[in-house]
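Heads up: the structure comes next, in structure tokens.
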There are 2 protein chains.
Amino acid sequence: MKIPKGDPPACTQNLLAMRDTLDILGGKWKLLILHYLIFREHEQNTFKKMERDIEGISAKMLSKELKDLENNLLVKRQVNDTKPITVSYSVTEYGKTATEIIFPLVSWGTKHRNMIITQQTGR
Amino acid sequence: MKIPKGDPPACTQNLLAMRDTLDILGGKWKLLILHYLIFREHEQNTFKKMERDIEGISAKMLSKELKDLENNLLVKRQVNDTKPITVSYSVTEYGKTATEIIFPLVSWGTKHRNMIITQQTGR
DNA sequence: GTTACTAGTTACTTAAAGTTAACCCGTAAC
DNA sequence: GTTACGGGTTAACTTTAAGTAACTAGTAAC
């Protein structure tokens, strides 16, 4: 990234872009859901399975967040013609680009945690 | 990043790390403030200057967010012995590591914006 | 002594995000 | 016909984040 020191228009563009990203991917669950779907790309991730697996999420939130992600083309919903009808969700190719964000967040958080521990133990 | 497909402990670690990051850097203003301070590293960034420059922020929020950032060692506060006393803020070396997060957020947001535009104009 | 500047704080209000629990529909087993 | 499962929805509520506005304190010029 070229860092345009103090260049106001470039800064503003950056800030807008950052806000866009946070609007789409922010909140308590969106990145967790994407992470879940990315890591289990080759499983049948049905609604109930996700509700069970993603700790603490309620049906309402899962439903809402999946809709939001679908509207932003990050997730695909597909109805399966099974005994009791099931619906499975998967990341789209576009959705996978979110790893660009997930990875740094995980990485920084891990390093931060290690720093805190190192600080506390004094070494 | 090694992607441990479906490996539950590794997934959980990732999710915790991601939450840590979002706890520290999430919210409406923290990344904007860090971005501001990183881009203007060599200026005297006083409280009032930041209040004027960062569009839409109130003194209350600026004060609170700066305290949080300071507590997490991302920002340094220093009182200057000037005519009317001033206080200036700067990123710490550790704070600069947040560019690891800021860059992908800016980058993804920019690409997303372009995608939306491309879609709308049909090309 | 009143105005002005910097650097905040305090109390109150509003808006957004998230939670809880109950409910609905269709299908199919018992 | 009642119980159970999958995939949700709805309403009511709580919590948290953020915004507004008024105010304080120290210093200094007028």
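In what follows, chains are A, B, ... by sequence order, proteins preceding strands, each numbered from 1.
- Under the 6.0 Å cut-off for aromatic ring centres, B:His35 and B:Phe103 do not qualify, their centroids lying 6.0 Å or more apart.
- Phosphate contact (OP1/OP2 of C:dG8, side-chain N/O of B:Tyr89, threshold under 4.0 Å): present.
- Between B:Leu25 and B:Leu31, the shortest heavy-atom contact is O-CG, 3.5 Å.
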Check your understanding: Where do B:Lys111 and A:Glu100 land on the salt bridge (Lys or Arg N to Asp or Glu O under 4.0 Å) test, with the steps shown first?
Key -> CA-CA 12 Å; B:Lys111 281 187 274 184; A:Glu100 286 175 33; 2.9 Å; yes

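- Within the structure, ring pair (Phe, Tyr, Trp, His ring centres under 6.0 Å) contacts touching residues 68-89 of chain B (residues at least two apart or in different chains) do not occur.
- Residues from residues 60-88 of chain A lying near DNA chain C, meaning a heavy-atom separation below 4.0 Å, are A:Lys60, A:Met61 in numerical order.
- The CE atom of B:Met115 sits 13.0 Å away from atom OG1 of B:Thr110, with the distance rounded to the nearest 0.5 Å.
- Here the closest heavy-atom approach between residue A:Ser88 and residue A:Asn80 is recorded as OG-ND2, 3.1 Å.
- Protein chain A touches strand DNA chain D; the 5'-most and 3'-most nucleotides with an atom under 4.0 angstrom of its non-hydrogen atoms are D:dG6 to D:dA12.
- Taking a pair as Watson-Crick or G-U with both hydrogen-bonding distances under 3.5 Å, the stems of three or more pairs touching DNA chain C are C:1-30 with D:1-30.
- Nearest heavy atom pair, residue A:Met50 against residue A:Tyr36, reads CG-CE2, 3.7 Å.
- Contact check for A:Ser90 versus A:Gln78: no side-chain heavy atoms found under the 4.5 Å cut-off.
- Contact between B:Ile24 and B:Leu74 at its shortest, heavy atoms only, is CG2-CD1, 3.8 Å.
- Remark: P of C:dT6 and CG of B:Asn45 are 15 Å apart, rounded to the nearest angstrom.
- Under the 4.5 Å side-chain heavy-atom criterion for ILVMFWY residues, no single connected hydrophobic cluster contains both A:Leu16 and A:Leu22.
- When every heavy atom of B:Lys96 is checked against every heavy atom of B:Ile38, the shortest pair comes out as CA-CD1, 4.4 Å.
- Near-neighbour residues of DNA chain C inside residues 24-31 of chain A, defined by a heavy atom below 4.0 Å, number-ordered: A:Gly27, A:Lys28, A:Trp29.
- With a 6.0 Å cutoff to the six-membered ring centre and a 45° limit on the axis angle, A:Arg19 does not count as a cation-pi contact of B:Trp108.
- When the side chain to side chain donor-acceptor pair (under 3.5 Å) test is applied to B:Asn45, the partners found at least two apart in sequence or on another chain are B:Lys49.
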